[in-house]
Amino acid sequence: MRLEKVTPDNYERALALSVRPDQDDLVAPVVKSLAEAYVFPEHAWPRLIYDGDRLVGFLMAFFDIRWGDDPDDVRAGIWRLNIAADAQGHGYGRFAVEAVCDEIRTRGGDLAYVTWEPRPGGPEPFYLKLGFRPTGERSEGQTVAVLDL
C-alpha cells in the first residue's frame with residue numbers, strides 16, 4: 001500500500017471513486033474534497049491510496065487549522081477518508097489513518113483529530129477501534145475525537 005499525490009494523470013480516476021451507497025451521506029465525494037484542497041492549499045493534504053496499481057481510496061488530512069475561536073487551538077487530523085466500496089474491510093482505512101498520524105508526527109504534532117457522523121452504520125466503531133476517543137465536542141453536528149500520538 002502507498003499514498004500518491006493527486007496529479008493530472010490520476011485525478012479522473014480519483015473522481016470516479018465511490019463509497020457504498022449507504023455511506024454517501026457520511027463522507028463528501030472526492031470532487032468536493034479536491035475543491036476544498038484547492039481553496040485551502042495551506043491546510044489540505046489530499047492523497048490517493050493505492051494497493052499496487054489499484055486505486056482503493058482517497059484521503060485528505062488537514063494541518064494547522066485553527067479550531068473555534070481560540071487562536072492557540074491549532075489542530076491536525078483526518079478531513080476525509082473515502083475507501084472504494086469494493087475495497088472496504090481490507091485494511092486500507094487503517095493504513096490511511098496511520099499514514100496521516102505519521103505525517104502529523106513528522107510535522108511535530110502529537111494529536112490527531114477526526115470527526116464523524118454519529119449514526120448506525122457510520123465510522124465510529126472504526127475510529128474507536130483505532131484508539132480515537134470522543135472529546136465531547138461537536139462540529140457541525142459531528143462527533144469530534146482525538147488520538148494521542
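Quick caveat: nothing in here was measured; it's all calculated off a predicted structure. One-based numbering along the sequence shown.
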J.: Less than 4.0 angstrom from a charged side-chain N to a carboxylate O is my criterion; do R80 and E36 meet it?
T.: yes
J.: Kindly indicate whether the side chain of F58, heavy atoms from C-beta on, has any atom under 4.5 Å from the side chain of I83.
T.: no
J.: Between A28 and N82, which heavy-atom pair has the shortest distance, and what is it?
T.: O-ND2, 2.9 Å
J.: Write down the atom of A87, the atom of H90, and the distance for their closest heavy-atom approach.
T.: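 Taking A87 first and H90 second, the nearest heavy atoms are O-CD2, 3.2 Å.
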J.: Just verifying a value: how many Å separate L17 CG and E12 CD, rounded to the nearest 0.5 Å?
T.: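 If we round to the nearest 0.5 Å, L17:CG and E12:CD are 14.0 Å apart.
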J.: Say you draw a straight line from CZ of F63 to CD of E42; how long is it, rounded to the nearest 0.5 Å?
T.: 13.0 Å
J.: Would you call E4 and R2 a salt bridge, using N to O less than 4.0 angstrom?
T.: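 Salt bridge flag = yes for R2 with E4.
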J.: For D51, is there an ion pair with R54 - N to carboxylate O distance below 4.0 angstrom?
T.: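 No, R54 and D51 are not salt-bridged.
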J.: Please give me the minimum heavy-atom distance between I104 and A112, naming the atom from each residue.
T.: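 What the structure gives for the nearest pair is CD1-CB, 3.7 Å.
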J.: Are Q88 and R20 close enough that some pair of their side-chain heavy atoms sits under 4.5 Å apart?
T.: yes
J.: So, do F62 and W45 have ring centers that fall under 6.0 Å from each other?
T.: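 No - the distance between ring centres of F62 and W45 does not fall below the 6.0 Å cut-off.
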J.: With a 4.5 Å limit on heavy-atom distance, are the side chains of P118 and R138 in contact?
T.: yes
J.: Is there a side-chain contact between D110 and R105 in this structure, where contact means two heavy atoms from C-beta onward sitting under 4.5 Å apart?
T.: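 Contact flag for D110/R105 side chains = no.
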J.: Which atom names give the shortest non-hydrogen contact between W116 and P123, and what distance separates them?
T.: CB-CG, 3.5 Å
J.: As an exercise, state the distance from CZ of R94 to CE of M1, rounded to the nearest 0.5 Å.
T.: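 One gets 10.5 Å once the value is rounded to the nearest 0.5 Å.
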J.: Taking a hydrophobic cluster as the set of Ile, Leu, Val, Met, Phe, Trp and Tyr residues connected by side-chain heavy atoms closer than 4.5 Å, whether directly or through intermediates, do V30 and F40 fall within one such cluster?
T.: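 Shared cluster, yes.
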J.: Hey, what else clusters with V27 if you join Ile, Leu, Val, Met, Phe, Trp, Tyr whenever side-chain heavy atoms sit under 4.5 Å?
T.: V19
J.: Do N10 and L55 come within less than 4.5 Å of each other through their side chains, counting heavy atoms only?
T.: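 No; the side chains remain at least 4.5 Å from each other.
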J.: Could you tell me whether the side chain of P46 reaches within less than 4.5 Å of the side chain of L59, counting heavy atoms only?
T.: no
J.: Using side-chain contact (heavy atoms from CB on, under 4.5 Å) as the criterion, list what pairs up with V74, not counting sequence neighbours.
T.: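 side-chain contact (heavy atoms from CB on, under 4.5 Å) list for V74, sorted by chain: D64.
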J.: Only counting residues at least two apart or in another chain, list the ones meeting side chain to side chain donor-acceptor pair (under 3.5 Å) with R13.
T.: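 If we apply the side chain to side chain donor-acceptor pair (under 3.5 Å) test to R13, skipping adjacent residues, there are no hits.
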J.: Tell me, please, which residues at least two apart from R66 pass side chain to side chain donor-acceptor pair (under 3.5 Å).
T.: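 Scan of R66 (side chain to side chain donor-acceptor pair (under 3.5 Å), adjacent residues dropped) gives none.
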J.: Given the rule in the side-chain contact (heavy atoms from CB on, under 4.5 Å) test, do I78 and F132 qualify, once you have shown the distances and angles that lead to the verdict?
T.: CA-CA 11 Å; I78 299 159; F132 284 88; 4.2 Å; yes
J.: To the closest 0.5 Å, what do you measure between OH (Y92) and OH (Y50)?
T.: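 Y92 OH to Y50 OH: 13.0 Å, rounded to 0.5 Å.
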J.: Below 4.5 Å, heavy atoms only, C-beta onward: do V114 and L147 meet side chain to side chain?
T.: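 No. Closest side-chain heavy atoms not under 4.5 Å.
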J.: Any idea which heavy atoms bring T143 and P134 closest together, and the distance?
T.: CG2-CB, 4.1 Å
J.: Quick one: OG1 on T115 to CD on Q142, what's the gap to the nearest 0.5 Å?
T.: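 Going from the OG1 atom of T115 to the CD atom of Q142 covers 4.0 Å.
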J.: Yes or no on side-chain contact (heavy atoms from CB on, under 4.5 Å) for V6 and L48, after CA distance, side-chain angles and deciding distance?
T.: CA-CA 6 Å; V6 180; L48 300 178; 3.9 Å; yes
J.: With sequence neighbours left out, what residues match E137 under side chain to side chain donor-acceptor pair (under 3.5 Å)?
T.: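 Checked E137 against side chain to side chain donor-acceptor pair (under 3.5 Å); matches are W67, R75, T135.
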J.: Between I49 and L81, which heavy-atom pair has the shortest distance, and what is it?
T.: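 Minimum heavy-atom contact is CD1-CD1, 4.1 Å.
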J.: Nearest 0.5 Å, please: how far is SG in C101 from CG in D148?
T.: 10.5 Å
J.: Identify whether V100 and L111 are in the same connected component of the hydrophobic contact network (ILVMFWY, side-chain heavy atoms under 4.5 Å).
T.: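 V100 and L111: separate clusters.
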J.: Side-chain heavy atoms nearer than 4.5 Å, only ILVMFWY residues, links allowed to pass through others: does that put L128 and V144 together?
T.: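 Cluster IDs for L128 and V144 differ.
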J.: Among residues at least two apart in sequence or on other chains, which ones pass side chain to side chain donor-acceptor pair (under 3.5 Å) with E117?
T.: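 Partners of E117 by the side chain to side chain donor-acceptor pair (under 3.5 Å) criterion come out as none, since no residue qualifies.
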J.: Same cluster or not: are L26 and M60 linked, directly or through other Ile, Leu, Val, Met, Phe, Trp or Tyr residues, by side-chain heavy atoms under 4.5 angstrom apart?
T.: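 Shared cluster, no.
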J.: Do I65 and Y113 touch side chain to side chain, with heavy atoms closer than 4.5 Å?
T.: no
